[in-house]
> 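Below you will find the structure I want to go over with you.
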Amino acid sequence: MRKPTAKSLILDLLLANQGQPISAKQAIAACGIFDISVNNTRVALVRLSAEGLVESAGRAMYQLTEDAHTLADDVATWRTRSKRIRAWDGTFIVVQAEKLSRNEAKQQRARARALLMLGFQPLNEHLFIRPNNIEDSLEAVRKRLYKLGLEKDAPVFGAQQFDTDTAKRITKLWNPRELEQTYSAQTKKIRTWLDRYQDLETEEAARESFLMGGAAIKHVVYDPFLPSEWLDTAARDVFLATVDELDRVGMGIWTALWQSQSI
């Protein structure tokens, strides 16, 4: 697991804090666990503020800005994401997105991220598709895509009854077996750590829980949540439950760390 930068660590701390601000002392203490200097931490806070990602929440206190909350709030729903899955009726959701110019690289990144976070895959250069089994309605999916960065004029619609060749191509856009292997591997890795973390020093446990939790949560955020017709959802459920346990343990470790340092 790669060591985080000061900026990414501070943003992750704010995200994990579920909307509550953190103090400069907390940021410095957390970065110190990863051998990031006090000076680099302070510079990161200044840069994050200049980039409009964090703002003052009182004396030496920082919180995410409203703009930063757009993505952060959606990522934060990973804890309840499995509850937003519904039975698949055999239909699909399709996004039509026109090619963007080189001058629209920022928009291209926002679009790609939005589509990937909701599990869409390219059917061709302009059409992106996924099974229609997430959220309460197509309108809810459409709103999330637009909020996350898809252009507001990009059509988002339901589709079904594809020709045989296209239907076969669609089912090959995802790799269910690879996903199942990831669930099993991640579950085993996390479970092994949960069985031994109490033997670790607090700072070491905090560092490892942060890195392992971040990697696991990323898997959840970008999981396509394929329907049960395509994938062993039992393995996914076990993985999600294990990540939830890791999250609870990690939060407890970091709370104990703050208390031990009187932060």
> Show your working on side chain to side chain contact (heavy atoms under 4.5 Å, CB included) between E208 and Y197 and close with a plain yes or no.
CA-CA 9 Å; E208 291 186 3; Y197 81 90; over 6 Å; no
> Could you report the tightest heavy-atom contact between A114 and G149, atom names first, then the distance?
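Answer, listing the atom of A114 first, then G149: CB-N, 4.3 Å.
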> So, does T171 use its side chain to make a donor-acceptor pair with the main chain of K168 at under 3.5 Å?
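It does hold such a pair.
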> Looking at P21 and A57, what are the two nearest heavy atoms and their distance?
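So the minimum-distance heavy-atom pair works out to CB-CB, 3.8 Å.
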> Would you say that more than 12 heavy atoms from the other residues, nucleotides or ligands in this model lie under 6.0 Å from the CD of E139, or not?
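Counting other residues, nucleotides and ligands, CD of E139 exceeds 12 neighbours.
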> How many angstroms lie between atom NE2 of H126 and atom CD of Q96, to the nearest 0.5 angstrom?
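Between H126 NE2 and Q96 CD, I get 8.0 Å after rounding to 0.5 Å.
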> Go through the steps to decide whether F128 and L118 satisfy the test side chain to side chain contact (heavy atoms under 4.5 Å, CB included), and finish with yes or no.
CA-CA 11 Å; F128 300 81; L118 270 69; over 6 Å; no
> Counting distance only, does the side-chain N/O of R130 pair as donor-acceptor with the main-chain N or O of P224 below 3.5 Å?
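Confirmed, R130 side chain pairs with P224 backbone.
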> With rounding to the nearest 0.5 Å, note down the distance linking CD1 in I36 to CD1 in I10.
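That separation rounds to 8.0 Å.
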> Is the closest side-chain heavy-atom distance between F239 and V220 below 4.5 Å?
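Counting from C-beta outward, F239 and V220 do come under 4.5 Å.
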> Passes side chain to side chain contact (heavy atoms under 4.5 Å, CB included), L64 versus L11? Steps please.
CA-CA 8 Å; L64 292 172; L11 289 174; 3.9 Å; yes
> Hey, could you give me the OG1/CG distance between T41 and L9, rounded to the nearest 0.5 Å?
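The CG atom of L9 is 8.0 Å from OG1 of T41, to the nearest 0.5 Å.
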> For S37 and N40, indicate whether the former's side chain and the latter's backbone hold a donor-acceptor pair under 3.5 Å.
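Yes, because the side chain of S37 sits within donor-acceptor range (under 3.5 Å) of the backbone of N40.
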> Can you tell me how far the CZ atom of F120 sits from the CD1 atom of I93, to the nearest 0.5 Å?
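It is 5.0 Å, given to the nearest 0.5 Å.
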> Answer yes or no: is there a donor N or O on one side and an acceptor on the other, between the side chain of W193 and the main chain of R196, under 3.5 Å?
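Checking the backbone N and O of R196 against the side chain of W193, no donor-acceptor pair under 3.5 Å is found.
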> Is R47 atom CZ crowded by more than 12 heavy atoms from other residues, nucleotides or ligands, each under 6.0 Å away?
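No, the 6.0 Å shell around CZ holds no more than 12 heavy atoms from other groups.
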> Please report the shortest heavy-atom distance between V221 and R81, naming the atom on each side.
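Taking V221 first and R81 second, the nearest heavy atoms are O-NH1, 3.0 Å.
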> Has W174 got a side-chain atom pairing as donor or acceptor with Q121's backbone, closer than 3.5 angstrom?
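No, the answer is negative, given that no donor and acceptor are paired below the 3.5 Å cut-off.
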> Hey, does the side chain of R84 reach the backbone of D136 with a donor-acceptor pair shorter than 3.5 angstrom?
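Looks like no, no N/O pair under 3.5 Å.
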> Check each of D232, T233, V243, T187 against V238 using the side chain to side chain contact (heavy atoms under 4.5 Å, CB included) test, and report the only one that passes.
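The passing option is T187.
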> Got a salt bridge between E180 and R177, using NZ or NE/NH1/NH2 to carboxylate O under 4.0 Å?
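A salt bridge is present here (some side-chain N lies under 4.0 Å from a carboxylate O).
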> Output the distance between atom NZ (K7) and atom CG (L53), rounded to the nearest 0.5 Å.
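Answer rounded to 0.5 Å: 7.5 Å.
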> State whether the side chain of R236 and the backbone N or O of L226 hold a donor-acceptor pair below 3.5 Å, judged by distance alone.
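Yes, R236 side chain to L226 backbone: donor-acceptor pair under 3.5 Å.
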> Which heavy-atom pair separates W254 from A206 by the least distance, and what is that distance?
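Shortest heavy-atom contact: NE1-O, 3.2 Å.
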> Between the main-chain N or O of G52 and the side-chain N or O of T65, is there a donor-acceptor pair closer than 3.5 Å?
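Judged by distance alone, yes, a pair lies under 3.5 Å.
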> Of all heavy-atom pairs between L240 and F225, which one has the smallest distance, and what is that distance?
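Residues L240 and F225, closest heavy atoms: CD1-CE2, 4.0 Å.
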> Under 4.5 Å between side-chain heavy atoms, hopping through other hydrophobics if needed: is there a path connecting L173 to L115?
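Result: yes, single cluster for both.
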> Whether the side chain of S49 engages the backbone of L45 through a donor-acceptor N/O pair (distance < 3.5 Å, no angle test) should be reported.
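Between the backbone of L45 and the side chain of S49 there is no qualifying donor-acceptor contact (under 3.5 Å).
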> Would you call the rings of F92 and F162 parallel, tilted or perpendicular if under 30° counts as parallel and over 60° as perpendicular?
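F92 vs F162 ring planes: perpendicular.
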> Quick check on the hydrophobic clustering: are M251 and L13 connected, directly or via other members, by side-chain heavy-atom contacts under 4.5 Å?
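No; L13 is not reachable from M251 via cluster members.
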> Please say yes or no: joined through hydrophobic side-chain contacts below 4.5 Å, possibly via intermediate residues, are Y222 and V141 part of one cluster?
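Yes, Y222 connects to V141 through the hydrophobic network.
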> Do V95 and L127 share a hydrophobic cluster (ILVMFWY, side-chain heavy atoms under 4.5 Å, transitive)?
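Yes, V95 connects to L127 through the hydrophobic network.
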> State plainly whether one hydrophobic cluster holds both I22 and M61, where clusters connect Ile, Leu, Val, Met, Phe, Trp and Tyr through side-chain heavy atoms under 4.5 angstrom apart.
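Cluster IDs for I22 and M61 differ.
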> Just verifying a value: how many Å separate D237 CG and I85 CD1, rounded to the nearest 0.5 Å?
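Between atom CG of D237 and atom CD1 of I85 there are 7.5 Å.
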> Could you walk me through whether Q259 and T255 pass side chain to side chain contact (heavy atoms under 4.5 Å, CB included), step by step?
CA-CA 6 Å; Q259 292 173 346; T255 298; 3.7 Å; yes
> Testing the basics here: between A235 and Y183, what is the closest heavy-atom pair and its distance to 0.1 Å?
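Here A235 and Y183 meet closest at O-CB, 3.8 Å.
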> More than 12 foreign heavy atoms under 6.0 Å from CZ of R42: is that the case here?
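Counting other residues, nucleotides and ligands, CZ of R42 stays at 12 neighbours or fewer.
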> Between the main-chain N or O of L123 and the side-chain N or O of R169, is there a donor-acceptor pair closer than 3.5 Å?
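Yes, because the side chain of R169 sits within donor-acceptor range (under 3.5 Å) of the backbone of L123.
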> Please name the residue in the list R86, K143, R144, K83 that meets the salt bridge (Lys or Arg N to Asp or Glu O under 4.0 Å) test with E135.
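Exactly one candidate clears the test, R144.
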